[in-house]
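Everything below concerns the one structure shown next.
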Amino acid sequence: MCNRQQHVETHTQSLYEHGFSATRAVHGAGEADPHTGAVLTPICQSTTYAHAAVGEHRGHTYSRASNPTVSAAERAIGSLEDAPPAVCFSTGMAAISALFLSLLRSGDHAVISDVVYGGTMRLADQILAGLGIAVTYADTTRAQEVARAITPATRLVFIETPANPTLVLTDIAAVAHLCHERGVPLAVDNTFLTPFIQRPLDLGATVSLASTTKYIEGHNATLGGAITTRDQALDARLRLVRKTLGFIQSPFEAWLTIRGIKTLGLRMRRQCESAARIAGFLSAHPDITRVCYPGLANNPQHDLARRQHIGGLHGGIVSFEVRGGALAGLRVMNALTLCTRAENLGAAETLVTHPATMTHADVPQDIRERAGLTDGLIRLSVGLEEPDDIIDDLARALPSSERRAPRTLVAL
């Protein structure tokens with residue numbers, strides 16, 4: 001086992017020397033299984049592991065604490081960030097919950113982006129508040145607002161960039177600088193971009209977090225979450241909390257995640273390029289009053305997007321609002337035939353979501369509106385289809401468009 005562990009560490013270290021993320025995505029989980037030659041990581045569907053003698057084992061004892069397949073997924077995700085192995089969880093919300101519970105206790109305070117996934121707000125308002133943990137929602141697009149929100153009791157700053165669903169950006173390097181000055185860890189929810197487009201740790205963050213359910217796995221097939229950090233003490237704390245609360249990802253889900261990671265670069269590049277094209281179509285359409293996409297040249301944060309995002313790519317999510325408000329937006333959503341109405345994102349299929357009644361339904365309306373999340377906002381997660389087919393679907397659904405029979409898509 002020692003030789004196997006040394007082999008894995010040597011292989012992983014060599015990947016850190018490669019600059020091309022696609023190479024890490026394909027090889028980050030490790031080379032072929034040394035026992036069987038299997039190219040794909042084996043699924044280790046075992047609860048427990050035999051000890052050679054009392055106190056002697058091969059690295060795993062019980063799958064609530066660690067599992068070989070999960071460990072392979074952790075190596076793959078960590079390698080994407082130039083970091084030690086990630087810590088994998090059963091869901092994205094399990095990862096966020098474990099992070100908060102690892103760093104916060106009664107009497108502590110956290111600062112959270114005011115535009116953030118609804119589940120994160122629900123955790124803070126309905127769970128953490130009952131444990132005596134205070135939260136301030138701040139406009140993290142302005143570093144000075146973060147500075148004002150930090151108190152002597154602050155133990156965590158948690159930002160989401162691009163934010164769900166308005167896609168507003170936070171300057172990670174600027175916020176990381178002021179967090180370091182105050183001795184407060186910064187965590188970045190990087191679900192929308194993944195390490196392929198944005199590297200929070202390289203920009204100064206303590207934690208890079210993602211719901212691997214989304215782009216990292218990419219096929220609507222798993223639930224999962226991951227936290228990556230270069231802080232050894234925090235990594236150990238996260239693994240203790242995960243073991244204690246039973247938040248670990250299952251072996252099969254980890255195996256599917258590893259398989260998805262192999263095509264992460266190809267999928268994200270295609271989705272980003274298609275999203276940019278669709279955003280351009282929407283921004284020129286007379287029925288659309290607002291388009292949220294940082295890749296558009298007229299987006300007020302476009303310069304930050306160009307500095308912070310890698311490769312000129314800005315994600316596969318486009319949010320927009322239809323003229324006529326909420327009812328008009330819902331009519332458009334219900335008229336779509338190719339885009340699937342669903343709450344997930346980052347998958348091969350294009351998914352369309354109404355955040356006010358779906359992902360952010362638990363967020364009070366006044367809070368949603370202050371954050372720019374209006375009742376008429378639509379979130380589009382662009383998939384791998386031909387972008388012209390998605391544009392045609394949107395064009396047919398928009399009010400002023402000519403009513404045409406849906407084009408038949410021929411399966412090849």
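In what follows, every heavy atom counts, from backbone to side chain, and hydrogens, waters and symmetry copies are set aside.
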To the nearest 0.5 Å, what is the distance between [atom1] on [X] and [atom2] on [Y]?
X	Y	atom1	atom2	answer
Ile378	Leu330	CD1	CG	7.5 Å
Leu256	Ile43	CG	CD1	7.0 Å
Ser211	Tyr117	OG	OH	8.0 Å
Leu238	Phe89	CG	CZ	5.0 Å
Thr194	Ile216	OG1	CD1	6.0 Å
Thr257	Ile77	OG1	CD1	6.5 Å

Side chain to side chain contact (heavy atoms under 4.5 Å, CB included) between Thr337 and Arg396, intermediate numbers included: CA-CA 9 Å; Thr337 58; Arg396 283 190 297 268; 4.2 Å; yes

If you look only at pairs with a residue in [range], which of them pass as a ring pair (Phe, Tyr, Trp, His ring centres under 6.0 Å), with sequence neighbours excluded?
range	answer
residues 124-157	none
residues 197-252	none
residues 162-186	none

Compare every heavy atom of [Y] with every heavy atom of [X], then report the nearest pair and how far apart it is.
X	Y	result
Met93	Gly119	CE-O, 3.3 Å
Ala226	Ala86	CB-CB, 4.4 Å
Ala173	Gln308	N-OE1, 4.4 Å
Cys272	Gly315	SG-N, 3.3 Å
Leu104	Ala110	CD1-CB, 4.0 Å
Asn164	Val115	O-CG1, 3.7 Å

Is there a donor-acceptor pair under 3.5 Å between the side chain of [X] and the backbone N or O of [Y]?
X	Y	result
Ser90	Ser250	no
Glu349	Thr340	no
Arg379	Pro355	no
Tyr293	Asn299	no
Thr213	Gly224	yes
Thr69	Ala254	no
Thr48	Thr61	yes
Asp231	Thr206	no
Glu160	Ser113	no
Thr212	Gly225	yes

Determine whether [X] and [Y] make a side-chain contact, defined as any pair of heavy atoms from C-beta on separated by less than 4.5 Å.
X	Y	answer
Thr154	Thr136	no
Phe100	Ile133	no
His302	Leu296	no
Leu101	Leu131	yes
Leu338	Thr350	no
Asp33	Thr41	no
Pro185	Leu103	yes
Ile172	Ile159	yes

More than 12 heavy atoms of other groups within 6.0 Å of Gln232 CD: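 Atom CD in Gln232 is not crowded, with 12 or fewer foreign heavy atoms closer than 6.0 Å.
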
Whether over 12 other heavy atoms sit under 6.0 Å from Arg182 CZ: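 Result for CZ/Arg182: enclosed.
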
Distance-only side-chain donor-acceptor flag, Asp189 / Thr191, under 3.5 Å: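 Checked: Asp189/Thr191 side chains pair up, N/O donor to acceptor below 3.5 Å.
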
Exercise: do Thr161 and Thr170 side chains pair donor with acceptor under 3.5 Å: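 No, because no side-chain N or O of Thr161 sits under 3.5 Å from a partner of the opposite role on Thr170.
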
Under the side chain to side chain contact (heavy atoms under 4.5 Å, CB included) test, residues paired with Ala305 that sit two or more places apart: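 With neighbours one apart ignored, the set is Leu169, Pro294, His309, His314.
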
Side chain to side chain contact (heavy atoms under 4.5 Å, CB included) partners of Pro387, counting only residues at least two apart: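 Side chain to side chain contact (heavy atoms under 4.5 Å, CB included) check on Pro387 returns Arg270, Ser274, Arg277.
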
Residues Arg307, Asp303: salt bridge by 4.0 Å N-O rule: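 No, no charged N to carboxylate O under 4.0 Å.
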
Check ion pair Asp139-Arg148 (N to O, under 4.0 angstrom):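 No, no charged N to carboxylate O under 4.0 Å.
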
Candidate list Gln198, Glu81, Arg199, Arg230, test side-chain hydrogen bond (donor to acceptor under 3.5 Å, both in side chains), partner Ser208, passing option: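 With Ser208 as partner, side-chain hydrogen bond (donor to acceptor under 3.5 Å, both in side chains) holds for just one option, Glu81.
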
Residue pairs passing the salt bridge (Lys or Arg N to Asp or Glu O under 4.0 Å) test where at least one lies in residues 241-254, sequence neighbours excluded: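 Of all non-adjacent pairs touching residues 241-254, those that pass salt bridge (Lys or Arg N to Asp or Glu O under 4.0 Å) are Glu74-Arg242.
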
Worked verdict on Leu80 versus Leu264 for side chain to side chain contact (heavy atoms under 4.5 Å, CB included): CA-CA 10 Å; Leu80 295 176; Leu264 175 63; 3.9 Å; yes

Verdict with reasoning, Cys339 to Ile390, per side chain to side chain contact (heavy atoms under 4.5 Å, CB included): CA-CA 7 Å; Cys339 303; Ile390 301 302; 4.0 Å; yes

Test log, rule side chain to side chain contact (heavy atoms under 4.5 Å, CB included), inputs Val116 and Met121: CA-CA 7 Å; Val116 72; Met121 281 191 168; 3.6 Å; yes

